[in-house]
Amino acid sequence: TGHWNVFVTNAIDVGIYDDLINVPFAKYYWSSGKWMPLLATSWKIVPPNEFVLTMHSGLKWSDGKDVTPQDVIATFNIGRLQSWAVWHYLDKVSASGNDITFHMAKPASVVQRYVLEQRVYSAATFGSWADKADALFTAGKTIKDPEVKALLTDFEKFRPAGIVANGPFMFDEKQLTEAQLALVKNPTGYAADKVLFDKIIAYNGETPVVTPLFLAKQIDYGTYGFPTATVNAMVQEGFRILTPPIYSGPALYINYARLKGLTKPEVRQAIAYAIDRVTNATVSLGKSAIAQKYMTGLSDNLVPLWLEPSDIAKLNQYPLDQKKAESMLQSAGWKKGSDGIWVDDTGKKWDYDLEVPADYADWSACAQNLAEQLTKFGLKTTVRAIPHVQAGQDMLKGNFNLSIQGWGAGSPYPQFSYESDILANVPPENPLGPGNSFPLTQTTKIEGQVNFKDLVVAAGEGLDQAKQKVAVSKLALAFNELLPTIPIWERYGNNPALDGVRVTGWPADGDPIYRNSPYSDSFVVMMLYTGQLKPVQK
């Protein structure tokens, strides 16, 4: 089902290594708060409402065409058609020479990260679609208008012949099978002379598929969620295990359109009290899973950086307390049937399936343990393990009851996590369907009435971080009370790295580079760009 329209579902991709095919403007060093320039040479915020960057000149696409600001404009106009979060703040992208100006209708410091982390795609491939989108938006149309919706529907059916690269690698379609694909050197791409490898092999498949390949030392690095026994076996084979923070983890998602009995916050709070998150974390991923403490939808690593101690003290940590959970359910009008299964206040017995990506070993273990805990508590839950692509689509389309999906995001700005936790699951940012149907306007005891969309936008809006912290605090407190999703644990990497067979140059444990999320600011990609990771000389 794979194809080459990188903007839509089921596109062929290689995850973090896509940054080596279509280059972002920069990547971020989490430990120092500094950026590593890539496609951009410099950038700045120009008050009151512009973010301006200068991109490299003289670069070539793999098809021989020049890389120009028009490629950038096309990329972002397609993003506008797809309701990218950065367009909460932007209203225009323009260029003069090699300078590109992102004009902010709502000035926001997060625009810098949204822009700098964005990969740039070829206008030769996507420009005609971008021009159509730009014409509609210039004429005053919005994503709610039928003309824009029709264009988006047509664009999602677009299947280009291939992907044009501006980075040091490109796809080799002759070496693409169901099992693996090859990235080969793009000699005209950015930093092609600095990256010291000529080829990267990426294997298709999640943890069960790749485990024997690791144990046979056919793979040099991976970001999978390996169980403890597998990790121990890899160590015996000579792998180092890197443990960077992921700044996210699995959460229990609820379909509010189907499970009417869970619309009361106290019911979701009761479920949080009923779950032993510590045990779930341990059986799921050993030391690489830490039970969520603050339950804010935000990494516990980021909470002290954005919330005042007085607000942190208000957060409910939902310690395991099943007696309290029972009392709360009873107060919400729930009753236990003669068979020991809870019946909600609408008269519906809790007997639901819990979808989980079957090929994510850590999430599968999380789901299995969670189902066992809930069933023992009287909430009969049956695991339904399906491929991760289908599980993600089912969630976005609203074709589920309960689902294990991710919370949080690998970004230093909390706004990105709340985009992922809340806005990305409902229209218009989710164009595939109703998602989990969580109403964005809610009434809370701690903050009164809140609109999550407005708060998420405010969390990244403006150039004053003190004001952003106010919005982040409100988001954290409201999320903690309402639990639109129920975070289970926060993941830390158990990433095997093999030194001395094909690759060398891995830094020692404790190196600041390992504070980077291995996904959104991959230290592997960054060390390939700098030449720190190099081939073993034979």
Under 3.5 Å: donor-acceptor pair, side chain of Asn5, backbone of Phe155: yes
Aromatic ring pairing Trp43/Trp35, orientation class (parallel under 30°, perpendicular over 60°, tilted between): perpendicular
Arg113 to Tyr413, cation-pi by 6.0 Å centre distance and 45° axis angle: no
Residues Tyr247, Asp300; criterion side-chain hydrogen bond (donor to acceptor under 3.5 Å, both in side chains); working and verdict: CA-CA 8 Å; Tyr247 303 95; Asp300 286 341; over 6 Å; no
Test of ring centre spacing under 6.0 Å for Tyr114 and Phe416: yes
Residue Glu308 excluded, over 12 heavy atoms near CD under 6.0 Å: no
Pair Tyr514 and Phe523, ring centroids less than 6.0 Å apart: yes
Asn430 (side chain) donor-acceptor with Leu396 (main chain) under 3.5 angstrom: yes
Side-chain donor or acceptor of Thr41 paired with backbone N/O of Thr54 under 3.5 Å: yes
Phe25 and Phe102 aromatic ring geometry - parallel, tilted or perpendicular at 30°/60° bounds: perpendicular
Any donor-acceptor pair under 3.5 Å from Asn22 side chain to Val120 backbone: yes
Whether Asp145 side chain and Thr142 backbone form a donor-acceptor pair below 3.5 Å: yes
Distance-only polar pair, side chains of Glu490 and Asn301, donor-acceptor under 3.5 Å: yes
Main-chain N/O of Gly408 paired to Ser417 side chain as donor or acceptor, under 3.5 Å: no
Over 12 foreign heavy atoms within 6.0 Å of NZ, Lys27: yes
Aromatic contact, Tyr360 with Tyr224 (centres under 6.0 Å): no
Ion pair check, Lys445 and Glu481, cut-off under 4.0 Å: no
side-chain hydrogen bond (donor to acceptor under 3.5 Å, both in side chains) between Glu419 and His88, intermediate numbers included: CA-CA 11 Å; Glu419 281 278 350; His88 289 321; 3.2 Å; yes
Asp345 bridged to Lys264 by N-O distance under 4.0 Å: yes
Side chain proximity check, Leu38 to Asp19, heavy atoms < 4.5 angstrom: no
Polar side-chain atom of Asn516 near backbone of Trp30 as donor-acceptor pair, under 3.5 Å: yes
Tyr190 and Tyr529 aromatic ring geometry - parallel, tilted or perpendicular at 30°/60° bounds: tilted
Parallel, tilted or perpendicular: rings of Tyr121 and Phe126 (30°, 60°): perpendicular
Side chain Arg268, main chain Leu262, donor-acceptor under 3.5 Å: yes
Side chains of Asn255 and Asn436, donor plus acceptor under 3.5 Å: no
